[in-house]
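For the single chain, residues carry numbers from 1 onward in sequence order. The basis for the numbers below is simple: all heavy atoms, side chains too, and nothing from hydrogens, waters or symmetry mates.
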Amino acid sequence: MATAKEAGRIETGGIETIEVEAVWRMFRAIETGELDDAEEYIAAGYENREALDDGRSETRGPAEFRETAAWMRGMFSDLRFETADVIACGDRVVVVTYMLGRQTAPFFGIPATGRSFRQRQVHLFRLNAERKVTEHLAQRDDLGLRLQLMK
């Protein structure tokens, strides 16, 4: 599996190459905490459906992405993503990945455990004409994560 640090472009059977650099930059930024250049790959009107749906934030654009990355990095250390599959078509990119890390702060009522975890996730992204991310939606195995942390 490729990590976010190793990925960059999607080859589509030699017919065309779809640029998905903005998506990889998001994963890398969460891994590293380097968020100063988020405006380069996150659109001004970016919506993170996860933050909106769980009521965590109504902020939009690069500021929201920075909030989410800081929130995740505040709970989990040693974060990294292993990419299992990528589908890119038109303005959409779907990434199947595993998020790995260690819980070092409270997480939705679970006190810090110091336990390592591996969580399967599916992320759906929409990109604009400038190839910046405008929307994000994810489906995660949150039950599996909770079970790993509560062992």
Side-chain angles (χ1 to χ4, degrees), residues 1-103 107-108 110 116-149:
M1 286 186 205
T3 67
K5 294 173 185 159
E6 300 166 335
R9 296 164 59 110
I10 304 301
E11 297 295 333
T12 58
I15 299 169
E16 66 177 314
T17 299
I18 299 173
E19 292 290 341
V20 295
E21 180 66 20
V23 171
W24 300 128
R25 289 177 76 179
M26 290 179 74
F27 285 114
R28 281 194 305 265
I30 294 169
E31 290 175 339
T32 66
E34 296 172 12
L35 300 157
D36 291 341
D37 61 349
E39 285 80 8
E40 294 178 12
Y41 52 92
I42 302 290
Y46 166 77
E47 293 183 355
N48 180 0
R49 297 287 179 195
E50 301 313 300
L52 293 169
D53 290 350
D54 67 18
R56 186 173 41 79
S57 177
E58 291 187 20
T59 305
R60 303 210 179 187
E64 190 292 320
F65 177 66
R66 286 185 182 101
E67 283 179 13
T68 292
W71 176 70
M72 291 176 64
R73 291 178 57 78
M75 292 180 294
F76 305 123
S77 62
D78 306 322
L79 271 177
R80 71 181 198 280
F81 294 88
E82 292 181 349
T83 303
D85 202 359
V86 178
I87 301 167
C89 183
D91 66 346
R92 302 293 178 110
V93 179
V94 178
V95 179
V96 179
T97 189
Y98 291 89
M99 182 176 78
L100 296 89
R102 197 167 40 88
Q103 185 205 11
F107 171 69
F108 289 113
I110 301 172
S116 295
F117 64 87
R118 183 174 189 258
Q119 180 193 40
R120 184 178 181 144
Q121 303 176 339
V122 178
H123 296 270
L124 297 90
F125 300 93
R126 184 187 309 253
L127 285 73
N128 64 15
E130 291 88 36
R131 305 318 274 171
K132 291 184 178 184
V133 179
T134 61
E135 185 177 5
H136 168 256
L137 174 69
Q139 293 296 312
R140 302 172 310 265
D141 181 9
D142 290 341
L143 176 59
L145 175 59
R146 292 180 71 84
L147 291 172
Q148 290 177 65
L149 298 178

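Taking CG of L145 as the start and CD1 of I110 as the end, the distance is 7.0 Å to the nearest 0.5 Å. Rounding to the nearest 0.5 Å gives a distance of 6.0 Å between OG1 of T134 and CZ of R126. Between the CE atom in M75 and the CG atom in L149 there is a gap of 10.0 Å [rounded to 0.5 Å]. Considering CD of E47 and CG of L137, their distance stands at 11.0 Å, rounded to 0.5 Å.
In plain terms, the two heavy atoms of E67 and T59 that are nearest each other are OE2-OG1, 3.1 Å. When all heavy atoms are compared, the tightest approach of A38 to P62 is CB-CB, 4.0 Å. The two atoms that bring A29 and E34 nearest to each other are CB-O, 3.5 Å, heavy atoms only.
Taking 4.5 Å as the limit, some side-chain heavy atom of M99 sits within range of a side-chain heavy atom of L79. Annotation: side chain of M26 is in contact with side chain of Y41 (closest heavy-atom distance under 4.5 Å). The shortest distance between side-chain heavy atoms of H136 and E50 falls below 4.5 Å. With a 4.5 Å cut-off on side-chain heavy atoms, Q119 and L100 do not count as touching. Inter-residue side-chain proximity for V23 and L127 is flagged as met; some heavy-atom pair is nearer than 4.5 Å. Considering only heavy atoms from C-beta on, F65 stays 4.5 Å or farther from N48 through its side chain.
Between R102 and D78, at least one side-chain nitrogen of the basic residue sits less than 4.0 Å from a carboxylate oxygen of the acidic one, meeting the salt-bridge criterion. Salt bridge absent: K132 and E21 never bring a charged side-chain N and a carboxylate O closer than 4.0 Å. With respect to E135 and R49, a salt bridge is recorded, a charged nitrogen being found less than 4.0 Å from a carboxylate O.
The main-chain N or O of I30 is found under 3.5 Å from a side-chain atom of R73 such that the two form a donor-acceptor pair. T83 places no side-chain N or O within donor-acceptor distance of the main-chain N or O of D85, the cut-off being under 3.5 Å. A side-chain donor-acceptor contact under 3.5 Å links E31 to the backbone of F81. Checked by atom type and distance alone, the side chain of N128 pairs as donor or acceptor with a backbone atom of R131 at under 3.5 Å. Checked by atom type and distance alone, the side chain of R66 pairs as donor or acceptor with a backbone atom of L35 at under 3.5 Å. Checked by atom type and distance alone, the side chain of T97 pairs as donor or acceptor with a backbone atom of E82 at under 3.5 Å.
Using a 30° and 60° split on the angle between ring planes, F107 and F76 fall in the tilted class, from 30° to 60°. Classification of the W24-F27 ring pair by plane angle, with boundaries at 30° and 60°, yields tilted.
Atom CD of Q139 has 12 or fewer neighbouring heavy atoms from other residues, nucleotides or ligands inside a 6.0 Å radius.
Taking the ring axis of Y98 as reference, the NZ or CZ atom of R118 stays within 45° of it and closer than 6.0 Å to the ring centre.
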Side chain to side chain contact (heavy atoms under 4.5 Å, CB included) evaluation trace for R120 with V96: CA-CA 7 Å; R120 184 178 181 144; V96 179; 3.7 Å; yes

